[in-house]
Each structure stands twice: as C-alpha cells, then as structure tokens.
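Note: hydrogens, waters and symmetry copies are ignored here, and every other heavy atom, side chains too, is used.
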Amino acid sequence: MLLPGVIAAVATGPGFARWAVVRLSGQGTLDTLARILASPRPAPAAPGVHRVRVALPPPAHHARLLPPRPELPALLALFRAPRSYTGDDAAELFVPGSPHVTGRVLSALFAAGARPAQPGEFTARAFLAGRLTAEQAEGVQALVAARTQAELDAAGRLLSGSTGARFRTLADDLAATLALVEAGIDFADQDDVVAIGPAALLARLDAILAETDALLGPGAAEAHDHRPAIALVGPPNAGKSTLFNALLARPRVVVSPEPGTTRDSISETIAIPGGQATLTDLAGLDDAIAARSRLDAAGQAAARRAIDAADVLIYCDPDARFEGPAFPDPGPRPVIRLRTKADLPGGPPAPLAVCALDGWGLDALRRAIADAADLARGRAHAEHLVIPRHRRALADARAALADARAETAPLAGSRQLTNAERVAAPLRDALDHLAELAGRISPDDVIGRIFATFCIGK
C-alpha cells in the first residue's frame, strides 16, 4: 500500500496562521534534514526541540535579489525511531504560517530527496508499524474532523483505546458463548453432558445484546428516508465517467479520451451496502475548458452546482495527489479520496484504488461509499460511535445475535439445547462482524476505507 522513503507534507490547515508545521518521516530523515539546514551542521541527531535555519531555494524571478540560499529561522522537533508517531525517525519544522513559506520549505525537502506524502500516509505508517490499532487510526481522522465536544470526546475514546477494548471484550464474550454451543454439538449424543442449557444461553445472549445496544446508542437502528447524493469530482480524464458506468454496471454515459467530453451532470441510483445512493457524474473541473465555449462554461457551472448540493464527494485522481482547483474544499462533508485507473503501471500508492475497466476495487469502494453515506445521513450518534463502519458492523452483529436468541427462546424451559446447530450459525456470523472491530480481521479493503478519508499531512 505504501512506498518506502522519506515523506513530507504540511501538517497544519491551509491558509495563513502564526505558525505552520511541515512534517517529515522515514528512514533517512536525518540525512534529508542535513541537506536543507544551513546551521547547525551536521543536523541535530538528539531528540528534542532545536533552533535551526532552513536553506531555501530562491524563487527564479527573485534570483538576482536574494542570496544563493536564503535562510529561514525555524524550530525543529526531532523524534527518533522507534519512539515517534510513525515508528521511524521523524521531524516537524515550525515555520511562519504562510502558504508561500511552507511551499518553499517543501520544495527544499523534495529537492533533498523526500517525496510528497500521500493522504493519511503518516498515520498509515504508524498503523503498519504497530504504533496504532485500526480503531485508533480511525480516531485520528475523527479527531481532525470533530466539530462538537461530543464528537471530540468520542474520537478521544477511540484514540485512547477504550472503545476498542469494549469491542474486544464483547467479541471474547461471544466467542466463549459460541464455544459452549459448539461443545453441545460435539456431545449431542450424550444426554448427561450439557455444555450450556437454553436458560443460561439466553442470559448470556441478553447480556451481549445489551452491551451491543449500549455501544450503538439510542436510535442507531432507525431507518432514514434521505438518499445521500454522491458526486464524482476531479479533473478532466480522471476516469470519472468510466467509474460511473462501472458502478451502474451498464454503459450510461459517453466515455472518451478527449478532455471535456462530459458536460451534463448525470445522476443515477446505485445500490450500496445498507441502502441506496444517488451518484452523479460531472464535468471535470478545469478553467481552461470553461473558457473554450459557452457550452463548456455551462457544463462547468452545472458541475459546481452539483458539488455544492452533494452530501458526499469522491475525489478521483489517477495521480493520487488530490490537490489543485479540481478538488474544491469540501467543508464538513465526507470525502473519499480514490485513485482511479489503478491498472496503469508505475502508479502511486493510495489507500483506496479502483480499476473501473475490470471492476477491481469496486466492492471496497461501495463499502466506503456506504460508510460516508451513513455519516452524511446524520446517523453519527457522536456520543457513542463516530465511525460508520463500526456502527454497521455492530448493527449486523446485533441482527445475527437476535436470530440466535430467537432460536433459543422456545427452549427456555428445556434442559438440552436441541437445536445447537441452528443457534451456532448466526453466532458465527455475529462473531465475524465483531472480529473486524476487535482487530482480528483487517482485510485490505477495510484498511483502504480507513485511510481513504484522510487528508495529506496526517
């Protein structure tokens, strides 16, 4: 999923501020710093905070007015492996909060051998190094996106590991219950052996259901009529129309290598896990195309109106950079960052990628859309769970647990669990759903869904 090397990105928000943070990490961080620091030399090797001066490449149009390598005073926070966020050597440069300044610092780092970080790559490295669990990684994104105190508190519980601990305890209780039921299957021909009776099983199931309901929170199972609007956003020829047809499983829009082929905003209903959504294919955002003709300008305007009205944005970029005017500020809306045209050789790494020509990655994308749509419906219940994936897995587990209870309840007065096979099957399904949350099942598509919503620098 990720490439080696030193990565760098601005870790603070866009725009002007008193300070900005440029973050870098990877094997070779000290060597990269040594190439850009004017003083001291060699670069600091001890962890801690150091005063340094960054040698910046002068802008070409000011080359005659500035010294060969202008020096920028900065603070350097250095973290040594393995005691860093990512587990590798890492550093943060505190510089004046101007986009021009941070851009110059990044240019110096890239010239020194670093490469641009992918969205969520710092946290992905922390996860792959075992520094964070999957739910803690999701807590980082939830913390960044938190807008209320309740959401901030819920994100804090994810980061602290307390929510994950509850998931694991719930899964352990269910696994122990399933083991007893399956033991009854093994000794079904021995009347004197009762691994667990119906009454004891009902008590266990009720306790597990109560904890599941407490995690889901009040009203989490309510149905919502609102069908989220999903917009495919990106530059021309980013593969949006091909992806639109692939998600519909039929040729609905014209696909052409000629930039600006799509002018109209075309919407269709697609099925996603747990419901439906309205998917819209848009013209690729490009001011140069808008200037070609009145029709092209109208198509660009229609695309921007559809973006404004969308509940969820899918940023489509074959280069997996997701930067520039083709990717507008989404505000508080969920965003899925998707690398399209993943069949092209030598492409960049990305948490979530698809090849719309052969369908590779589409199932993972549908689940990511369902997660984002769930969030857009306003079903966050921030005082309990802020991650849609968690709520859906718990809801699926609860439904399976309810089936197991329904099979058990008629035998409440009996000594033997005579239908142990029919009880065990839904219990296994419930355990599979909980295992994803408890960290015992981490398929690639789940990891991709986690990091597809991250921004660059986190």
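A donor-acceptor contact shorter than 3.5 Å is absent between the side chain of R337 and the backbone of D317. Not one N or O on the side chain of K240 forms a donor-acceptor pair closer than 3.5 Å with the backbone of T340. Checking side-chain atoms of R51 against main-chain N and O of L76 turns up no donor-acceptor pair under 3.5 Å.
Minimum heavy-atom separation, L33 to A91: CD1-CB, 4.0 Å. Here the closest non-hydrogen pair linking V354 and G361 is CG1-O, 3.5 Å. Of all non-hydrogen atoms in W19 and F94, the two that sit nearest each other are CZ3-O, 3.6 Å. Minimum heavy-atom separation, A373 to P228: CB-CG, 3.6 Å.
Judged by distance alone, the side chains of D88 and S25 never bring a donor and an acceptor atom under 3.5 Å apart. Between the side chains of R398 and T212, not a single donor N or O lies within less than 3.5 Å of an accepting N or O.
Taken to the nearest 0.5 Å, the CD1 atom of I307 stands 11.5 Å off from the CG atom of D329. One distance of note links CG of L78 with OG of S84; it measures 9.5 Å at 0.5 Å rounding. Rounding to the nearest 0.5 Å gives a distance of 4.5 Å between CG of L215 and CD of E211. Note that CD of E138 and OG1 of T133 are 8.5 Å apart. Values are rounded to the nearest 0.5 Å. For the atom pair D281 CG and L248 CG, the distance stands at 9.5 Å (nearest 0.5 Å). In this structure, CG in D403 is found 11.0 Å from CG in L205, a value given to the nearest 0.5 Å.
A salt bridge between R428 and E182 is present, with a side-chain N of the basic residue lying under 4.0 Å from a carboxylate O of the acidic one. Here D371 pairs with R392 in a salt bridge; the nearest charged N to carboxylate O distance falls below 4.0 Å. Taking a cutoff of 4.0 Å between a charged side-chain nitrogen and a carboxylate oxygen, R405 and D206 qualify as a salt bridge.
For the pair R115 and F110, the cation-pi criterion (under 6.0 Å, within 45° of the ring axis) is not fulfilled.
For the salt bridge (Lys or Arg N to Asp or Glu O under 4.0 Å) test with D89, the passing option among R80, R83, R125 is R80; the others fail.
Heavy atoms of other residues, nucleotides or ligands lying less than 6.0 angstrom from CD of Q27 number 12 at most.
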